[in-house]
Amino acid sequence: MRRMSNVLSAVAWPYANGPRHLGHVAGFGVPSDVFSRFMRMAGHNVLMVSGSDEHGTPILVMADANGVTPEEFVDTNHAIIARELTDLGCAYDLYTRTTTANHTTVVQELFTQNLANGYLVPQPQQVALDPATGRTLPDRYIEGTCPICGYTEARGDQCDNCGNQLDPIDLIDPRSKTSGQPPTFTETQHWFLDLPALADALRTWLEGREASGTWRPNVIKFSLNILDDIRPRAMTRDIDWGIPLPGELGEQYPTKRLYVWFDAVIGYLSASIEWARRIGEPERWRDWWNDPEALTYYFMGKDNITFHSQIWPAEMLGYAGKGNKGGEPGQYGTLNLPTEVVSSEYLTMEGKQFSTSRGYVIHVRDVLDRYGPDPLRYFICAAGPENQDANFTWAEFVQRNNSELVAGWGNLVNRTAAMIAKNFGEIPAPAGLAEIDEAVLKAVETGFDTVGDLLTHHRQKAALAEAMRVVSEVNKYVTDTEPFKLKGDDQRERLATVLHTLVQCVSDLNTILAPFLPHAANRVHAVIGGRGQFTPLPELRDVTDLDSGKAYPVITGDYTSTPPWRRVPVEIGAAIAKPTPVFVKLDESVVEEELARLAGDSPAQA
RNA sequence: GGGGCGUUAGCUCAGUCGGUCAGAGCAGCGGACUCAUAAUCCGUCGGUCGUGGGUUCAAGCCCCACACGCCCUACCA
């Protein structure tokens, strides 16, 4: 029996520049939820946090383009994203946002202590400013003529035509992408995170993680590799949207803000603190952050590895005074470094990358509205980009839904309930179990170990495949025992035994599948005579900011009623009525409809 | 340009330490069955493991080169 642990599920913060597409939830949303649900069922003390990432230049630029303030812009998008994730069933203890007063306080505390310990150092930097706004102009927001190939729409960081890396100062006729004016190149002071001073501590930590053998090989290799040419990185910007520098620095430099990534990763901590404050136990977050026995898992897409295996650990090490310059921890103490950075790859669509800007995209909202959460969660779990880029096609989406979810699992549920309803109307008591009954019960019960072990090691595709293989074994049990032929009075006991065995197997499989398909699990539970809600779902709740009083929606939930990860005997005598199907087949025409929709969307948007 | 990851059956993907590793699901084909959403179960067809070299008694697996795809390359997030 595994000992109960405190487990932090730290889920990547969606950028609040619009609704989420399939690639986003395939990368971090569904995998983190499956893992967290399983760990709760296995008896661990899980805290799952995330929120909307709402600062940074792109949001500022998009808000301007939409004629709204950045605050209005992120208020809208945060609400949209929170609703999507709720409807997808992602069971956060708290899904909040980076524009809370609490977050500002926590971020400034980390900045202040890193500064005091000497890991944030001021340095002059050559930057481009937009003369129209006075804001830092990131390289990619400068356009001009490529000095290499002459392409007139080259970006400051890269030329999309010839593919060469560029420096914006080399562009011919550079202009701001937002105002059209030529940028002014000037020198300004910014605070740099002294990563070289933290590199030894980072390497020690990463080598320990490598020795654990638990990280995905590409993630640990990449993380170690980027240590080799580590350099200080600027953690402030000249911009008027973001978290101000703390204390006197803020007064001295009112036009500077903290770099969006400096604050975004701190969200894991600030959300944990906000959660603790909201439940009225303001120190409870320390169970996951200060207890060295706690396990902390970070879920994200592969483009975010550097921020989770380098920047965020460096911020925590600097805060604790654990780099080459020494220092003391601040009021939050020594914070736990990630146990595991669980990075997924990319989901492509019909062979090409998602592109919101080109309209080549499938939004989570649309899939939820048209097909519900179960088919989507099933597809992502069965065919998602766990270890390498994976391809989404509508044809495979329909096929997986119809031939696996509906025909395999849904049909087993349905035929089981139908036979019990017709013959008994309630779960019958078994007589003596035959060898074949014992065998199938054992095969299913073993599933808790095999599937659970795979889930523990973030092998969700293999875990779901194993669960579905067991579904197939139970379907075979029906073929072998032929309960539909047991019609005579003298066969009544045998029929009762087979159907009791069958519904026990279905109940167990429903438990095993619950992390993947929580909504369906509740409906299956009802179909086979269960009472009440089987597994908890998250709720969208309007709250007010603990410090500023502003209202905003969060995702939260009470997950104390999570069922255990083991066989629970079905209740003899529980009523079972003629079932209505839990899963519905999708018509093949869906494929053409969706492809047409995609093609129709494609050229329109800018 | 530099660093990294990937390429396995018609499709989507597993393959841990080099040694029953040529695998699964779906699609196709054949059969069984009828409780169930024409669902289920069994059998079967199908691959020069991206290309070219190399190491080894033995190579999807290790090494080198190349092709293609993707990620990162520090001011997009």
Side-chain angles (χ1 to χ4, degrees), chain A residues 12-17 53 55-59 61 125-128 136-142 155-158 163-165 168 190 192-193 195 213 216-219 221-226 228-234 236-239 259-261 264 301-307 310-311 343 345-346 348 351 353 382-383 386-393 395-396 399-400 402-404 406-408 410-423 459 461-462 465 468-469 472-480 482-486 499 502 579-585:
Chain A
W13 290 49
Y15 197 58
N17 60 352
D53 176 11
H55 294 131
T57 305
I59 278 175
V61 170
Q125 188 185 26
Q126 195 67 26
V127 296
T136 301
L137 215 39
D139 290 355
R140 66 177 48 198
Y141 283 90
I142 302 170
R155 292 189 324 218
D157 59 335
Q158 186 182 343
N164 282 292
Q165 299 278 313
H190 282 304
F192 284 67
L193 184 60
L195 290 164
R216 289 175 182 166
N218 56 331
V219 180
K221 271 187 87 167
F222 179 84
S223 302
L224 281 163
N225 186 262
I226 55 180
D228 291 341
D229 57 340
I230 197 165
R231 278 178 251 170
R233 187 160 171 160
T236 54
R237 296 288 185 276
D238 292 300
I239 189 176
Y259 173 44
V260 58
W261 267 112
K302 61 178 164 183
D303 54 333
N304 273 190
I305 294 173
T306 183
F307 299 101
Q310 183 171 102
I311 304 294
S343 165
E345 304 290 305
Y346 272 18
T348 57
Q353 283 212 41
E386 193 171 282
N387 286 314
Q388 62 178 278
D389 290 354
N391 192 32
F392 175 93
T393 66
E396 193 185 350
Q399 176 255 303
R400 291 250 183 203
N402 289 358
S403 66
E404 297 178 27
V406 177
N411 184 49
L412 177 63
V413 172
N414 215 44
R415 67 201 302 210
T416 298
M419 281 190 281
I420 292 176
K422 187 187 291 184
N423 291 293
R459 299 193 52 194
K461 290 168 77 164
M468 293 305 285
R469 191 192 60 75
S472 188
E473 277 198 49
V474 179
N475 268 319
K476 179 169 163 50
Y477 170 78
V478 179
T479 300
D480 291 342
E482 299 183 312
F484 40 85
K485 285 185 178 171
L486 302 173
L499 293 184
L502 194 51
T580 48
V582 170
F583 303 96
V584 291
K585 271 192 121 167

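Residue numbers begin at 1 in each chain, while the letters A, B, ... track the order of the sequences.
Side-chain contact, A:R155 with A:Y141: no donor N or O sits under 3.5 Å from an acceptor N or O. In summary, the side chains of A:N387 and A:R459 do not present any donor paired with an acceptor at a separation below 3.5 Å, with no hydrogens or angles considered. Counted by atom type alone, A:T348 and A:N391 present one or more donor-acceptor pairs between their side chains at under 3.5 Å. No hydrogens or angles considered: a donor-acceptor pair under 3.5 Å links the side chains of A:N218 and A:E345.
A:I230 comes within contact range of at least one nucleobase, with a heavy-atom separation under 4.0 Å. In this structure, A:A390 reaches the sugar-phosphate backbone alone: every heavy-atom distance under 4.0 Å involves primed, P, OP1 or OP2 atoms, never a base. A:V260 comes within 4.0 angstrom of the backbone, heavy atoms only, and of no base. The residue A:D228 sits apart from the nucleic acid: no heavy atom pair falls under 4.0 Å. A:E404 comes within 4.0 angstrom of the backbone, heavy atoms only, and of no base. Using a 4.0 Å heavy-atom cutoff across all strands shown, A:T348 reaches no nucleic acid atom at all. Nucleic acid contact class of A:V413 (heavy atoms, under 4.0 Å, all strands): none.
Spacing between B:C21 and B:G6 at atom P, rounded to whole Å, works out to 22 Å. Rounded to a whole angstrom, the distance from the P atom of B:C17 to that of B:U56 is 23 Å. For the P atoms, the distance from B:U20 to B:C62 is 16 Å, rounded to whole Å. Here the separation of B:C29 from B:C35, taken at their C1' atoms, is 27 Å to the nearest Å. Between B:C63 and B:G23, the two C1' atoms lie 27 Å apart (nearest whole Å). Look at the P atom in both B:A14 and B:A24: the space between them is 16 Å, to the nearest Å. As rounded to the nearest Å, B:C26 and B:A9 have C1' atoms that lie 12 Å from one another. Going from the C1' atom of B:C5 to that of B:G50 covers 15 Å, rounded to whole Å.
For A:P14, the side chain to side chain contact (heavy atoms under 4.5 Å, CB included) test picks out A:R20, A:F28, A:S50, A:I81, A:L85, A:Y95, with sequence neighbours left out. Here A:D139 pairs with nothing under the salt bridge (charged side-chain N to carboxylate O under 4.0 Å, His left out) rule; sequence neighbours left out. A search for salt bridge (charged side-chain N to carboxylate O under 4.0 Å, His left out) contacts involving A:K221 returns nothing, not counting sequence neighbours.
In this structure a side-chain-to-backbone donor-acceptor pair under 3.5 Å is present from A:R216 to A:S343. Remark: side-chain polar atoms of A:Y346 are not paired, donor with acceptor, to backbone N or O of A:Q388 under 3.5 angstrom.
Listed nucleotides: B:A36, B:G15, B:A77. Nearest to the side chain of A:R459: B:G15. Proximity note for A:N391 (side chain, C-beta onward) versus B:G4, B:C13, B:C41: the nearest is B:C13. Closest approach to the A:R400 side chain among B:C76, B:C75, B:U12 is made by B:U12 (side chain taken as heavy atoms from C-beta onward). Of the listed nucleotides (B:C35, B:C76, B:G4), B:C76 has the atom at the smallest distance from the side chain of A:P58. Minimum atom distance to the side chain of A:Q125 is reached by B:C75, of the listed B:A14, B:U40, B:C75. Here the nucleotide nearest the side chain of A:K585, chosen from B:G3, B:U37, B:U40, is B:U37. Taking every side-chain heavy atom of A:A383 into account, B:U12 is the closest of B:U12, B:C35, B:C13.
A:L195 has its CG atom 13 Å from the P atom of B:U73, to the nearest Å. Going from atom CD of A:E386 over to atom P of B:U16 covers 15 Å, rounded to whole Å. Rounded to an integer number of Å, the gap from CZ of A:R231 to P of B:G2 is 16 Å. Atom CD1 of A:I239 is separated from atom C1' of B:A77 by 12 Å (rounded to the nearest Å). The separation between A:E396 atom CD and B:C13 atom P is 7 Å, rounded to whole Å.
Between A:P168 and A:I142, the shortest heavy-atom distance links the atoms CB-CD1, 3.7 Å. Residues A:F222 and A:I305 share a closest heavy-atom pair of CD2-CG2, 3.7 Å. Residues A:A390 and A:A383 come closest through the heavy atom pair CB-O, 3.4 Å.
Taking 3.5 Å as the limit, the base of B:A36 and the side chain of A:N414 contain no donor-acceptor pair of atoms between them.
Checking the phosphate oxygens (OP1, OP2) of B:C5, a side-chain nitrogen or oxygen of A:K221 falls inside 4.0 Å. Phosphate contact (OP1/OP2 of B:C33, side-chain N/O of A:R415, threshold under 4.0 Å): absent. Dashed line: the shortest gap from a side-chain N or O of A:K485 to OP1 or OP2 of B:C35 is not under 4.0 Å. Regarding contacts with the backbone of B:U12, every side-chain N or O of A:Q388 stays at 4.0 angstrom or more from both OP1 and OP2.
Nucleotides of RNA chain B nearest to A:Q399 and A:A462 differ in position, and the one nearer the 5' end is that of A:A462. Across the interface with RNA chain B, nearest-nucleotide mapping of A:P581 and A:Y259 shows A:P581 to be the residue nearer the 5′ end.
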All N/O contacts under 3.5 Å from nucleotides 62-72 of chain B to the protein, with atom names and distances to one decimal?
{"unit_1": "B:C70", "atom_1": "O3'", "unit_2": "A:Q353", "atom_2": "NE2", "d": "2.7"}
{"unit_1": "B:C70", "atom_1": "O2'", "unit_2": "A:K302", "atom_2": "NZ", "d": "2.8"}
{"unit_1": "B:C70", "atom_1": "O2'", "unit_2": "A:D389", "atom_2": "OD2", "d": "3.2"}
{"unit_1": "B:C71", "atom_1": "OP1", "unit_2": "A:Q353", "atom_2": "OE1", "d": "3.4"}
{"unit_1": "B:C71", "atom_1": "OP1", "unit_2": "A:Q353", "atom_2": "NE2", "d": "2.7"}

Report each atom pair, protein N/O against N/O of nucleotides 30-32 of chain B, whose distance is under 3.5 angstrom.
none

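Classified by its glycosidic torsion, B:C26 falls in the anti category, the angle being over 90° from 0. In textbook terms, a nucleotide whose glycosidic angle is within 90° of 0 is syn, while B:G30, being further out, is anti.
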Original post:
According to the Watson-Crick and G-U wobble definition with distances under 3.5 Å, which dot-bracket string, read 5' to 3', encodes RNA chain B, using [ ] for crossing pairs and | for pairs with another strand?
Top reply: (((((((..((((.....[...)))).(((((.......))))).....(((((..]....))))))))))))....

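Using a 4.5 Å heavy-atom threshold, the side chains of A:N304 and A:W261 count as touching.
When each of A:V260, A:I239, A:T136, A:L137 is tested with A:T57 by the rule side-chain contact (heavy atoms from CB on, under 4.5 Å), just one qualifies, namely A:I239.
Under 4.0 Å is where a charged nitrogen must lie from a carboxylate oxygen, and between A:K461 and A:E386 no such pair does.
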